[in-house]
Amino acid sequence: MYDVVYFSSVSENTKRLVEKLGLKSVRIPLKSDEAERFTYDHDSVLVVPTYGSGEEKTSVPKQVIKFLNNPENRKHIKGVVATGNTNFGESYGLAGDIVAKKLGVPLLQRIEILGTPEDIEQLKERLNKLWELQ
Amino acid sequence: MNTRLISRPVNWNKIEDPVDLDVWNRLTQNFWLPEKVPVSNDIQSWETLRPHEQKLTMHVFTGLTMLDTIQGTVGAMSLMPDARTQHEEAVITNIAFMESVHAKSYSSVFSTLCLTSDIDEAFRWSEDNPNLQKKAEIVLNYYHGTDPLKRKVASTLLESFLFYSGFYLPMYWSSRAKLTNTADLIRLIIRDEAIHGYYIGYKFQLAYNEADPKVQEEIKQYTYDLLLELYENEIKYTADLYDEMGLTADVKKFLHYNANKALMNLGFDPLFPKDECEVNPAILAALSPNADENHDFFSGSGSSYVIGKHESTTDDDWDF
């Protein structure tokens, strides 16, 4: 199974979601300079939150950008999961769209906040399918 | 000579909690005023609504105005004494001000679309409606209470749950291509409320995690109890408003869905099971044009997933 690489702000909503998956997971550091040096060389799915500003330019957390700037990191990302809130309208999970498009990998799912039990089940199924497809 | 420290100037170059700065930036980036939304383009559409539909819309909007009034003048301010940082205090002033902008924006919709006599009637209705007054009473009671954790819970439930019986209607009209400019304005309010709910919920969780397990258990129980108390009243309020149009069942699903999100903002598990939260897809689409793509991405249908042409990325791609 793929590992999970995720970013979560100090509010830790995304962290809780990831913990419910019960997969091996690593967290991209909160500090930008640490995120820049952070590497992970196992094939993984990236979970990225969107915090909802009107501007596309700022929707991908800068720590995730730093992490993905390293080609060695991004070649291991096989899929993306977007967390967010439908209240943000068109920006719901936007960071996930942007990163998935840039990486040329599927956006597996959008999930709100911590995810409901049904969201988690669905995501597990999709991760299994993605794993079997490789 | 020693001076006694009376007050400290807020130093934004020394951030204790990065969420304060992040939320401040998002709220200020998202700043808007109702005058920017061309609600007058809805005048013709308003005239196509039947009298009871117009009346319902006005009642819903005075109900929302009242919640924003409470949140702007009492709710947000009641969080001030417990702020953990001076930056949080600044964010709270922004939240309070935006609630007042929201409250005023409904008046701007009214003055554009409605007759003064109808506006007066709608405000009278809001003062006389027992379920709406009850809603205010429950929340205000906790805002005036002494427990800071409970104030935050009440505030988060107001921001993330209580508004939605009202928000449903402009989304419903928008899904039928009616009052679409008004819906744009409401979407701006909805976006703000999400950040408010997230932020207050986050500050709640910081304090909650420091509390001893016994207090945590009590607060958790209180949260579900308060939600159910508000929910019971909300169901009556909803039926009172929407029965005539046959929409009550649909609104209830929207309430369940948002109640779950409010709980998640507080870090608690959702309460309502999936089949009670299946929001009408037209409403979800009106709320969030991107959100209806929760299909199986392997099916290859839908616009969010297109099996790719592959193209190697270059470092320039990552220079956002």
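Model, not experiment: these values are computed from the prediction. In the text below, chain A, chain B and the rest are named by the order of the sequence lines, each starting its count at 1.
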Would you find more than 12 non-hydrogen atoms of other residues, nucleotides or ligands less than 6.0 Å from B/K220 atom NZ?
-> no
Step by step, would you call A/F88 with B/I195 a side chain to side chain contact (heavy atoms under 4.5 Å, CB included)?
-> CA-CA 9 Å; A/F88 298 136; B/I195 298 179; 3.6 Å; yes
Please indicate whether A/K78 has more than 12 foreign heavy atoms, meaning atoms of other residues, nucleotides or ligands, lying under 6.0 Å from its NZ.
-> yes
Could you tell me the separation between the CZ atom of B/R26 and the OG atom of A/S59, rounded to the nearest 0.5 Å?
-> 8.0 Å
Backbone N or O of B/I190 within a donor-acceptor pair of the A/N87 side chain at under 3.5 Å?
-> yes
Flag for B/Y257-A/T116: side-chain donor and acceptor within less than 3.5 Å | no
Sequence neighbours excluded, which residues qualify as ring pair (Phe, Tyr, Trp, His ring centres under 6.0 Å) partners of A/F7?
-> none
Name the region of B/D17, side chain, backbone, both or neither, that has any atom closer than 4.5 Å to a heavy atom of chain A.
-> side chain
Heavy atoms of other groups near A/K20 NZ, more than 12 under 6.0 Å | yes
Can you tell me if A/R16 uses its side chain to pair, donor with acceptor, with the backbone of B/G267 under 3.5 Å?
-> yes
Heavy-atom distance under 4.5 Å to chain B: side chain of A/S9, backbone, both or neither?
-> side chain
Could you give the distance from CG (A/N85) to CE (B/M264), rounded to the nearest 0.5 Å?
-> 8.5 Å
Look up atom CG in B/L284 and atom OG1 in A/T86, then write down how far apart they are to the nearest 0.5 Å.
-> 6.5 Å
Quick one: CG on A/N13 to OH on B/Y198, what's the gap to the nearest 0.5 Å?
-> 6.5 Å
Considering heavy atoms only, which positions within residues 167-182 of chain B lie below 4.5 Å of chain A?
-> none
Under 4.5 Å from a heavy atom of chain A, the part of B/Y164 involved = side chain
Enter the distance from B/E278:CD to A/E118:CD here, rounded to the nearest 0.5 Å.
-> 9.0 Å
